[in-house]
Trainee: 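First the structure, which I've put down as structure tokens, then a few questions once you've had a look.
Naming: A, B, ... by sequence-line order, numbering from 1 per chain. Every heavy atom of this structure was used, including side-chain atoms; hydrogens, water molecules and symmetry mates were not.
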Amino acid sequence: MDLLENLNPNQRKAVEHTEGPLLILAGAGSGKTRVITHRIAYLMREKHVSPYRIFAVTFTNKAAEEMRKRVIGLTGPEGTSVFMKTFHSASVYILRRFGERIGIEKNFSIYDQGDQEQVIKGILEKMRIDPKKVKPSSIASKISEIKDKADLVDGARLDLLLPDYYAFDFQELYREYHQRLRQNNALDFNDLIIKTVELLRNDAPTLGELQSRWQYFMIDEYQDTNHAQYLMALLLSSQSRNICVVGDDDQSIYSWRGADIRNILDFEKDYDDARVITLDENYRSRQPILDSASHVIRNNVHRKEKNLKACKGEGEPVVWCRANNEYGEAEYVVSTMQTLKSREGFHNRDFAVFYRTNAQSRVFEDVLRRNNIPYRVVGGLKFYDRREIKDMLAYLKFIANPHDSVSLARIINTPARGIGDATVGKIRDAAVKEGVSEWDVISQGMLSGRAPKGIEEFRGIIGHAQMMASGVPGAMKLSDFVLDLFQASGYRKSLEEENSIENASRIENVEEFINSVYNFETVNPQGTLAEFLQEISLFTSEEDPLDPEARDNSLTMMTVHNAKGLEFPVVFLTGMEENTFPHRLSIDTEEGLEEERRLCYVGITRAMERMYLTNADIRRTYYGVDYKETSRFIREIPDGLLEKRTYGNDSFNGYRQERRQFGFGADLKKPDRVRDDAPSESAPAPAPEEHGSSAYRKLDRVMHPKYGAGTVIKIEGAGDNVKLTILFTTGAKTFLEKYTPLEKA
DNA sequence: TTGAGGCTTTCAACA
DNA sequence: AAAGCCTCAA
């Protein structure tokens, strides 16, 4: 097979240009992955480069996996030996082997956002700062933001970088955070990259070894690299200079994660001999789809002008549907789907529903389930985020790394074994006083006074597990070890004790988790516990492994972010409303808005045959009921390109009124949010089942056992979820009706 | 001092 | 919808 056959001239040039720096500007749907995989195959087959000398990184595990499959398809089993990973897993690979040279122990734990927040919470407590006023999550992202810029590794002065608007010493917190991570032998996601850069900079032998091992570099999604990743790529490739980066500035959607668009815009400055090749023939989308996308993205000022050509030719126009409310929107999607299936032979698997935020998936799930349409949700509540899985993982992390006090805190009383806050506090104090780890205190009986029975029990469980783990692999299989731990920890028993549906599914989930351990050990017979942990701690965005069959013929739902790099015959881009998409937190700055627009561009360009844009005029969110103004992105598409539909009649009177009042297409300054404590006659009814489920009416007098007499001033929600706001003499309170012991007075 | 259950609050995108 | 905080009973 000729590798260059079936490539257009520019794609071919990109594949053939193997030596020296190369920038590939690859528009949406221009065959980017095809070029990368063919280029790797070409290096091996035509240039006789050993697969061990090729280094390729992408952003997601999914993309890396896809690339690996396609390379193997082109080269045969040899392709397996290409180093193909995400930036993070590449860093872990390097740090595991050489990290000790800069003082990182081999068995380090990787802390995700949740773990980070636990650490921060502990520090806030120690600094006597109210965690209600200073949210650990916002501190975590602040720390992450600082580290993403990685000016640190450039030796900038820390005290100049840290924000001074906090009412406390941020610098102290920042240092304490890192000190605790060091004590716990843990790295956060940012550290993985930063420490790798530090290692490459400060340890010449490591750099030399890696530079001579890898001779050809390929970086996918280069527009989304941050400064530290940029440095990492630069250092590794600086000797061979065979670096090929691929990206599209119009698809840069991760600036909030530190992505620095300058990396791609300045590539030609970094390498004055860089060759630039542009791929501008789109093989994915029909003309009207691409035209719509272009009309949206051209409103961005900060971009390289480009001209994508659709090779697939004309097609159906893009449809824009205005629905009455979020249920109408979902029903429109379902009915359109059914029509396309019966009249045009599409299958469930051909459809994708995109939304801006995960919370929007719920309504679609409702409606799809009611219509018996199989679906899968990518992202969202992830398998590894479930409580029972996190608990089991914490056990494993702690056994692998007994310095990991965050994991310890999670499992010491899970399941309940009589070790409460007071006891944990004592252990912590003793550890600090003696200058040892908390596990030392527990395992060596260093606790003064009488230690609760639970401590003994816990020590036994961990001691037993550590002993077993030492026989993995070899005397014991990793999966058997985890199975044993599930029993021996008492976790299984505690789930079985309460015979609920919820617990039954938790047990199933743990079993599925153990199954994934089994899969791991089949692929890696010599794999250790630590290796397993490293693998899955970077594998958080993987779809739910519980329903592998579901994907056979299911509709796919995901956030627009998750959709990057994918394509579907029919795409519904939903929630096209101001403050939803573009998101309300991005709407006020030009940079924010441009990134939202790129995100919209990414969404539209995923569609191959049909594209549907939908919005709801009224949307119920946890804030209340909002009147939504149509997204400016829809207004940016010329009328002639859109086929307009409406869906859902009951509330359309309300809708029209609203429109007339606000004026469509004008520059609207009026807020589009209306709280639903307005009289309900003027507010159009949302879905019918939303109503009439409260035993109370507005202005009813009620009696609360604790707060006394009050008046109902607001009713919202439906079914078991009715929330009542009641005005007492002491002020207003909101309750879930279901849970509140109220009496009519 | 612990554990359970009731009440309250929270909600952007991700490796 | 779910997790975290708070209160109260044991």
Trainee: B:dC14 C1' sits how many Å from A:Asp188 CG, rounded?
Mentor: 14 Å

Trainee: Under 4.0 Å, heavy atoms only, any strand: does A:Phe87 hit a base, just the sugar-phosphate, or nothing?
Mentor: nothing

Trainee: Counting just side-chain N and O atoms, does A:Arg387 come under 4.0 Å of either OP1 or OP2 of C:dA3?
Mentor: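 A:Arg387 to C:dA3 OP1/OP2: no side-chain N or O under 4.0 Å.
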
Trainee: Please state how far atom CD in A:Glu221 lies from atom P in B:dC14, giving the value in whole angstrom units.
Mentor: 14 Å

Trainee: Answer with base, sugar-phosphate or nothing: what part of the nucleic acid does A:Ser586 contact at a heavy-atom distance below 4.0 Å?
Mentor: base

Trainee: Out of B:dG3, B:dA12, B:dC14, which nucleotide sits closest to the side chain of A:Glu596?
Mentor: B:dA12

Trainee: Would A:His583 count as stacking on B:dA13 if stacking means ring centres less than 5.5 angstrom apart and planes tilted under 30 degrees?
Mentor: no

Trainee: May I have the distance from A:Ile587 (atom CD1) to B:dA12 (atom P), rounded to whole angstrom?
Mentor: 15 Å

Trainee: To the nearest 0.5 angstrom, please state how far the CD1 atom of A:Ile412 sits from the OG atom of A:Ser407.
Mentor: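 The CD1 atom of A:Ile412 sits 12.0 Å away from the OG atom of A:Ser407.
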
Trainee: Counting heavy atoms from C-beta on, name the nucleotide in B:dC14, B:dG3, B:dT2 closest to the side chain of A:Ala416.
Mentor: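 The nucleotide sitting nearest to the side chain is B:dG3.
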
Trainee: Only counting residues at least two apart or in another chain, list the ones meeting side chain to side chain donor-acceptor pair (under 3.5 Å) with A:Thr580.
Mentor: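 Counting only residues at least two positions away or on another chain, A:Thr580 forms a side chain to side chain donor-acceptor pair (under 3.5 Å) with A:Glu577, A:Lys628.
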
Trainee: Calculate the interatomic distance between A:Asn413 atom CG and B:dG3 atom C1'; express it in whole Å.
Mentor: 9 Å

Trainee: Can you tell which of B:dT2, C:dA1, B:dC14 lies closest to the side chain of A:Asn562?
Mentor: B:dC14

Trainee: Could you tell me how the ring of A:His227 sits relative to the ring of A:Tyr230: parallel (under 30°), tilted (30 to 60°) or perpendicular (over 60°)?
Mentor: parallel

Trainee: Quick one: sort the A:Phe55 and A:Phe83 rings into parallel, tilted or perpendicular, breaks at 30° and 60°.
Mentor: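 The arrangement is parallel - the two ring planes meet at less than 30°.
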
Trainee: Select one nucleotide: of B:dA15, B:dT1, B:dA13, the one nearest the side-chain heavy atoms of A:Thr86.
Mentor: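 Minimum distance to the A:Thr86 side chain belongs to B:dA15.
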
Trainee: Send over the distance from A:Gln360 CD to B:dA13 C1', rounded to a whole Å.
Mentor: 12 Å

Trainee: Tell me what A:Ala359 touches on the nucleic acid: a base, only sugar-phosphate, or nothing, going by heavy atoms under 4.0 Å.
Mentor: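 Answer is nothing: A:Ala359 stays at 4.0 Å or more from every strand.
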
Trainee: Report the distance from atom CZ of A:Arg257 to atom P of B:dA12, rounded to the nearest whole Å.
Mentor: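 Result: 18 Å.
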
Trainee: Between B:dA15, C:dC5, B:dA13, which nucleotide gets closest to the side-chain atoms of A:Arg356?
Mentor: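 Minimum distance to the A:Arg356 side chain belongs to B:dA13.
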
Trainee: At their closest point, which heavy atom of A:Ile587 faces which heavy atom of A:Glu578, and how far apart are they?
Mentor: CD1-OE1, 3.5 Å

Trainee: Please tell me whether A:Tyr111 and A:Asp404 have a donor and an acceptor in their side chains that are separated by less than 3.5 angstrom.
Mentor: yes

Trainee: Kindly state whether the pair A:Trp256 / B:dA12 counts as stacked, where counting means centroids closer than 5.5 Å and planes tilted less than 30° apart.
Mentor: no

Trainee: Just how far, in rounded Å, is P of B:dA15 from CD1 of A:Ile253?
Mentor: 11 Å

Trainee: Between B:dT1, B:dA12, B:dC14, which nucleotide gets closest to the side-chain atoms of A:Leu585?
Mentor: B:dA12

Trainee: Please report the distance, rounded to the nearest Å, between CG in A:Leu192 and P in B:dA15.
Mentor: 14 Å

Trainee: Find the partner of B:dA13: check Watson-Crick (N1-N3 plus N6-O4 or O6-N4) and G-U wobble (N1-O2, O6-N3) distances, both under 3.5 Å, and reply none if neither fits.
Mentor: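 Its partner: none found.
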
Trainee: Is there a side-chain polar atom (N or O) of A:Thr559 under 4.0 Å from OP1 or OP2 of B:dC14?
Mentor: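 True: A:Thr559 side-chain N/O within range (under 4.0 Å) of B:dC14 OP1/OP2.
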
Trainee: Is there a side-chain contact between A:Asn358 and the phosphate of C:dA1, meaning an N or O under 4.0 Å from OP1 or OP2?
Mentor: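 Answer no for this pair, as no side-chain N or O of A:Asn358 is under 4.0 Å from OP1 or OP2.
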
Trainee: When you match A:Arg417 and A:Asn190 each to their closest nucleotide on DNA chain B, which lands nearer the 5' end?
Mentor: A:Arg417

